[in-house]
Amino acid sequence: MEKSFDPSQFEGKWYAHWESSGCFKPSGKGPAYTIMLPPPNVTGTLHMGHAFQHTLQDALIRYHRMKGYNVLQPMGWDAFGLPAENAAMANGVPPAKWTYDNIAYMKKQLKSLGFAIDWERELATCRPEYYRWNQWLFLRMLEKGIAYRK
């Protein structure tokens, strides 16, 4: 028996298996169950609070999968607005580069923890295909007088 355990000997194999098998995608069988934490803000990198939240969520998702539920766990990034823009300017980096670099790094961090996230269902609030609908809805509300300046 070996005296120490080196996870790096095994992790690559399992990450590759999870990716190729699609085991974190919804099965299409059983009652639907969707869970998504509030998306992390991309002003920096993940911290232990994120790991704690995602660990609890991951346990819940795996439990529901074992019970036969059709589970969806998408991933989102809160990446639009002043917090990300201010962090980028404070670090002397263009906001788009700062935001997308942080998303890539945080995604790598989450993947390394092995969470059961369906990465094909990932959204970022800074992408036009996301925020265009928020803007469209807001403009319709403005036209109807539901949204107004006061």
All side chain to side chain donor-acceptor pair (under 3.5 Å) counterparts of K67, not counting sequence neighbours
none
Taking only residues two or more places apart in sequence, or in another chain, which ones meet R127 in a salt bridge (charged side-chain N to carboxylate O under 4.0 Å, His left out)?
none
Distance (rounded to the nearest 0.5 Å) between [X] [atom1] and [Y] [atom2]:
X   : Y   : atom1 : atom2 : result
D58 : Q73 : CG    : CD    : 6.0 Å
H54 : H50 : NE2   : NE2   : 7.0 Å
L56 : I35 : CG    : CD1   : 9.5 Å

[X] vs [Y] side-chain heavy atoms within contact, under 4.5 Å:
X    : Y    : answer
K111 : W119 : yes
Y33  : L60  : yes
R121 : P26  : yes
V71  : R62  : no
K29  : N70  : no
L46  : L110 : yes
P40  : M75  : yes

Could you state whether [X] and [Y] fall into the same hydrophobic cluster, counting links through intermediate Ile, Leu, Val, Met, Phe, Trp or Tyr residues with side-chain heavy atoms under 4.5 angstrom apart?
X    : Y    : result
L123 : Y131 : yes
L113 : I103 : yes
I146 : F138 : no
L137 : W133 : yes

Looking at [X] and [Y], what are the two nearest heavy atoms and their distance?
X    : Y    : value
M106 : N41  : CE-O, 3.6 Å
A79  : C126 : O-CB, 3.1 Å
G68  : P31  : O-CD, 3.9 Å
E85  : P95  : CG-CG, 3.9 Å

Quick one: which of W18, Y15, F115 gives a ring pair (Phe, Tyr, Trp, His ring centres under 6.0 Å) with F24?
W18
I'd like to know if the side chain of E11 reaches the main chain of S112, judged simply by a donor and an acceptor atom lying under 3.5 Å from each other, with no hydrogens or angles considered.
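No; judged by distance alone, with no hydrogens or angles, the pair does not exist.
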Is it the case that more than 12 heavy atoms not belonging to Y148 sit under 6.0 Å from its OH atom?
no
Does E120 CD have over 12 foreign heavy atoms under 6.0 Å away?
no
May I have all residue pairs that pass side chain to side chain donor-acceptor pair (under 3.5 Å) and include part of residues 90-109, sequence neighbours excluded?
K97-D101, K107-E122
Between H17 and W14, what is the ring plane arrangement, given parallel below 30°, perpendicular above 60°, and tilted in between?
perpendicular
